[in-house]
Every structure is written in structure tokens, then in C-alpha cells.
Amino acid sequence: MNTAHIWQDIKAQLEAELEASTYDEIFASIDAIYEVKNNYIYLVVENDYVKKRIELMFLKKLNRMLEHHVLEKHEFRFLTSDEVDEKTRLSREKVEPTETSEYPRTNLNPSYTFNNFVVGLSNRLGYMSAVKVADQPGIVANPLFIFGDVGLGKTHLMQAVGNYVLENDINAKVLYIKADQFVEDYVRHANKKKYTEFSQSYEGIDVLLVDDIQFLSKKEKSQEEFFKLFEQLYHQQKQIVITSDRKASDLKDIMSRLTSRFAWGVTVDINRPDLDHRIKILEKKLNAETAEKDLIPKKVIEYIASVFDNNIRELEGALKRVLFYCTAFNCEFTIKNAELALENLIRPKANARDYMKDRVQNVLSATAAYYRISVSDLISKKRTRNYLYPRQIAMYLIKHLYDLPYKRIGQYFSNRDHSTVMHSVEKIANEMNLDTNIKVDVEKLILKCGEKD
Ligand code: ADP
Ligand code: MG
């Protein structure tokens, strides 16, 4: 297949068919086919944002166009330049014969590094201990026992130890295994009576990372095996890191002979991150996801961080979803759109509404204070000018800042109907254009509501 011209032809066709701005933004910079493999034609795009946009909005069209250029069915696939780098790195690793370990190095997630771990009050101790352990495996804290609720970074931190050790010593044998895999592995060997083979497969480990040890519960035979392995590594001063969803003394269904040994080293717990910490985590993820800094306004980030407060995995998921939603539907990153993107995740969470309620209350009290009236007069049905005007301003501010539906705004003002709110908002918007005093009032109030820094 002569692929060289295919993309150029399709590109020309796209240029003719699409709006110039869309073409320029998405396709103009894609210049050559990266690879043709297994009936897929790979193209490289700048970042995840462009990739998702293409996949959602243009892929079908592109594949249809492609049909006219190829004899056998092919499809387009898109890679970001980061993914290409990663691919090249992996294939380079494959050919380099430095690999003497029988344990696959790729068993660690390469993005679970100390660098990517955002440190805050809730995990500082865990982080510091893990760094020390990674720096001097087997010496400073053995075993390192990390416990905490799901989604708070235990696996990440544990694997960061492994990645760090490997970075400094390419020949170190780091084994990451989930406790339930260990059990399965044991059962599989035991069924075939291949006990020696089982023990041999765990020989020669320098760093053993055992994730979610609670899964050893009630598996007595596996516990025995693990105990042996633990003893052996411990006495050879090989580093062991263990995570658990509860503290060692609460692991009731695991023999105490084993759990008591967990206390020989250092135990640290990871807790829920506070709001500031969550914001930092989101900012870090955002930097990693997109090339564009400040793609999402700070207040939208704050909104996401305020809603997802007890699990970092969910927090991350929410960010990805907002990114995807707003790029796919080509809409602005506003709180309102974030709310829409996250609707299904949030609905069960009352705190999303609480957050909005909070913001609205904030606008109401700031406006009332500014005009020296009470909040109850502000939201009342009293029609004197000194209440009416501030009320219209408040409605305008809520719409302008949070883009809530008119109907919902009306509910905050003694259940006024949506047309009243709409007229007020429009009236203020028009008057702002005519009267700079009003404009200044509004701007001052936006500042007072803390919505601009
Ligand atoms: P756990 O093992 O405690 O259930 P994970 O380690 O799997 O949690 O973490 C869940 C997700 O949150 C992972 O994607 C991880 O990278 C991310 N994460 C957790 N803690 C942090 C942190 N402090 N900084 C950055 N990302 C984090
Ligand atoms: Mg985990």
C-alpha cells in the first residue's frame, strides 16, 4: 500500500470541507503517517485534547474517507506525542539485553513516581517514609506498612518506591504483587503440587511490594507461605513494603504471627486530603494531561475539588470527565458545564448542591451588605426601590457567575418565577452598558464574592 499520499489527500479534502478554524486547530499540524500496522494507520497529534476531539467528532468521517483510498479495510488511530515517546521507550527497553530479571519491570506503573505524588498534611509522613525506604532499601524501615482508605494513594506510593529503586539500579529485582494474586498464584501451584516451583519464583527479590494485604484474610495456607517468604526476605535485609485498608492490629483474619511482624518496621497511615491539597492534586494532573496551562479556570478546579472529597481516584476521574466533556462538546470550562459533565457522578452527592447553595448564599450576603439591607429583605417580595434594585443585581450576579437556570435562581428569591429572574438579569445587563455606576457596582460585588483575584 502506498500510504505516503493517503493522508495528504485526505487532509486536502478536510481542508476543503471543514471550517477553516476547525481545520487549522485540529488537522493542519498532523503531517505524516506514523505507522501502519495490523490494518491500523497511526497518526500523531499534539496532545490528548486534540486526540479526544478527533475520536469523538471526526473518526467515523475519517474512516469513511479512508475507504476510498485503500483496498483492504483500514482504520485510523491517533497517538499523542507522549504516547509515541512511551512506545519508543518501551521498544528500546525490549531490545536492550540488560533485562536479567525474570520479573517484568513493566509490572510497575511508570507514572506512579514520587515526582507525581502531591504531598500534603494527610500523606506527608507516608511520603517521607517511602522516600527513605526507596533511598536505602532494607535498612531504615522494614517492613514499611502503609494503611488507609481506598483511593488515597497507597498503591501509588508503594510503586513509587519500586520505580525509584529501579531508576537507581536497573538490575534490582522489584516485585509488585497484590495479595489476592499471591493467593491465586499459590493455589495454582498447590493444585499441581508444584510447591518448590512456587517458592523458587519468589527467590532473589530485592524489594517486595505487597498490595492490599487484607486479601490474605482467611487464606491460611497462603498466609503460611507468605510468612515464610517474609521471614526469608526480612532476614536477608530485603525491603518489604505492605499496604492495607486497615491497621495491622485490625487484620483479624490474618494470623497474628504475621501481623505482629508488620510492626517491626514503620507503620504510616494515609488520610483524606484537605481542599487545598485536592486542588493541588488536580492542578498537577491537569498539567500532565494537557499542554495548555490554565486550560480550566481556577474556580472550576475548586468546584471539582470541593465535590470529590474522599477519594483521589474519583477526583481524578471527575477532572478527566470534565476535560473530555468540554472538549468533545466544544464548550467553555465553566462551573455550570462541569456540573453537567459530572451530573451522573454527583447526583448522589448532596454536596454539589450544597456547594452551589453556599456560593449563592455568599452572593446574597455580599449584595445585602453592600447595599446595607438584610438578606431577608433582599430575597423578599417587597417592591420598594431600595430592595428591588439590589435584588436585581443579586440575580444578575448569580446568573453571570454560576449560570444557574432562571428557575433555580428564582427559588432563592421567595420562589419567583423564571421570567421575573430573566427580566431582572436582562435589565441589569442592559443598564450596565448605559450607566458606568452600575457597572462599577457589579464589578465591586464580583470581587466581594471572591470570584476574581
Ligand atoms: P489506593 O491504592 O490507596 O486505593 P491509589 O494509589 O490507587 O490508591 O491512588 C488512586 C489514584 O489517585 C491514582 O491514580 C494515584 O495516582 C492518585 N493519587 C493518589 N494520591 C495521590 C497524590 N498524593 N498525588 C497525586 N496523585 C495521587
Ligand atoms: Mg491500591
Side-chain angles (χ1 to χ4, degrees), residues 48 82 86 106-134 143-165 167 174-184 207-217 240-248 250-251 262 266-290 296 301-302 304-305 307-324 342 345:
D48 222 28
D82 283 351
E86 180 67 3
T106 47
N107 147 301
L108 296 175
N109 180 336
S111 66
Y112 284 172
T113 58
F114 287 128
N115 252 342
N116 291 338
F117 193 80
V118 182
V119 185
L121 254 175
S122 60
N123 59 18
R124 173 161 290 125
L125 196 60
Y127 170 82
M128 283 172 10
S129 313
V131 169
K132 283 206 175 112
V133 160
L144 175 63
F145 186 87
I146 306 170
F147 74 94
D149 282 339
V150 65
L152 297 183
K154 301 184 295 295
T155 301
H156 185 141
L157 202 52
M158 152 183 272
Q159 293 208 6
V161 172
N163 279 317
Y164 185 96
V165 169
E167 224 172 82
V174 176
L175 179 65
Y176 166 82
I177 191 158
K178 289 176 187 278
D180 46 333
Q181 277 172 1
F182 182 85
V183 173
E184 267 174 40
V207 177
L208 177 65
L209 311 171
V210 187
D211 209 357
D212 291 317
I213 195 81
Q214 71 273 8
F215 288 127
L216 279 191
S217 288
I240 303 163
V241 184
I242 296 168
T243 71
S244 165
D245 68 348
R246 62 203 83 172
K247 46 176 182 293
D250 288 347
L251 289 162
F262 297 162
V266 167
T267 292
V268 287
D269 60 337
I270 300 193
N271 296 299
R272 284 159 54 167
D274 58 25
L275 181 65
D276 270 355
H277 191 181
R278 297 199 297 279
I279 292 172
K280 286 204 188 94
I281 291 174
L282 285 179
E283 285 171 344
K284 180 110 187 175
K285 298 282 167 193
L286 193 60
N287 268 339
E289 285 281 319
T290 63
I296 301 187
I301 294 284
E302 281 171 5
I304 300 172
V307 179
F308 294 85
D309 59 356
N310 60 5
N311 180 323
I312 298 176
R313 187 176 297 111
E314 281 179 18
L315 182 70
E316 259 179 39
L319 175 70
K320 283 198 177 138
R321 204 154 157 152
V322 170
L323 265 174
F324 178 74
L342 299 173
L345 303 179

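Atoms within each ligand, like the ligands themselves, are counted from 1 in listed order.
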For the residue pair [X] and [Y], what are the closest heavy atoms and their distance?
X	Y	value
Val266	Ser129	CG1-OG, 4.3 Å
Gly126	Val268	CA-CG2, 3.7 Å
Val183	Phe215	CG2-O, 4.1 Å

Distance to 0.1 Å, residue and atom name: give those for the protein heavy atom nearest to [atom].
atom	result
atom 19 (C) of ligand 1	Gly153 CA, 3.3 Å
atom 14 (O) of ligand 1	Glu316 OE2, 2.9 Å
atom 10 (C) of ligand 1	Arg313 NH2, 3.7 Å
atom 26 (N) of ligand 1	Lys285 NZ, 3.2 Å
atom 25 (C) of ligand 1	Asn116 O, 3.2 Å
atom 18 (N) of ligand 1	Ile312 CG2, 3.4 Å
atom 2 (O) of ligand 1	Thr155 OG1, 2.7 Å

Under 30°, 30 to 60°, or over 60°: which ring-plane class applies to Tyr127 and Phe114, parallel, tilted or perpendicular? perpendicular
Min side-chain heavy-atom separation Leu144-Lys132 under 4.5 Å: no
Check: Val174 and Leu108 side chains under 4.5 Å, non-hydrogen atoms: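 A side-chain contact exists here, since the closest heavy-atom pair is under 4.5 Å.
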Is there a side-chain contact (heavy atoms from CB on, under 4.5 Å) between Leu251 and Ile213 once you walk through the steps? CA-CA 9 Å; Leu251 289 162; Ile213 195 81; 3.8 Å; yes
If you compare His156, Lys280, Arg278 by their heavy atoms, the one closest to atom 6 (O) of ligand 1 turns out to be His156
Nearest non-hydrogen contact with atom 1 (P) of ligand 1 belongs to which option: Pro273, Gly151, Ala160, Ser122?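 Minimum heavy-atom distance to atom 1 (P) of ligand 1 goes to Gly151.
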Is the distance from the Mg ion (ligand 2) to the nearest N/O/S atom of Met158 under 2.8 Å?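 Checking the Mg ion (ligand 2) against Met158, no N, O or S atom falls under 2.8 Å.
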Would you compute the distance between atom CD1 of Ile301 and atom CZ of Arg278 and round it to the nearest 0.5 angstrom?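 One finds 13.0 Å between CD1 of Ile301 and CZ of Arg278.
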Quick one: OG on Ser244 to CG on Asp212, what's the gap to the nearest 0.5 Å?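 Reported to 0.5 Å precision, the distance equals 8.0 Å.
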Side-chain H-bond candidate by donor/acceptor type, Thr155 with Asp211, under 3.5 Å: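 Yes, a side-chain donor-acceptor pair sits under 3.5 Å.
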Under 3.5 Å: N/O of Phe117 near N/O of ligand 1: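 Phe117 vs ligand 1: no N/O contact under 3.5 Å.
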Taking distance alone, with no angle check, do Val118 and ligand 1 share an N/O pair under 3.5 Å? yes
Would you say Gln159 contacts ligand 1, with heavy atoms under 4.0 Å as the rule?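 Not so, Gln159 does not reach ligand 1.
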Mark the output for Gly148 as yes if a heavy-atom distance to ligand 1 is under 4.0 Å, and as no if none is. no
Suppose I only count heavy atoms of Val150 and a 4.0 Å limit; which atoms of ligand 1 are within that range? 4 (O)
Number the atoms of ligand 1 from 1 as they appear, then name those within less than 4.0 Å of a heavy atom of Asn123, with their elements. 23 (N)
For Leu121, is the CG atom crowded, meaning more than 12 foreign heavy atoms sit under 6.0 Å from it?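 No, because the 6.0 Å sphere around CG of Leu121 holds 12 heavy atoms or fewer from other groups.
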Would you kindly specify which portion of Thr243 sits under 4.0 Å from ligand 1, judged on non-hydrogen atoms: side chain, backbone, both or neither? neither
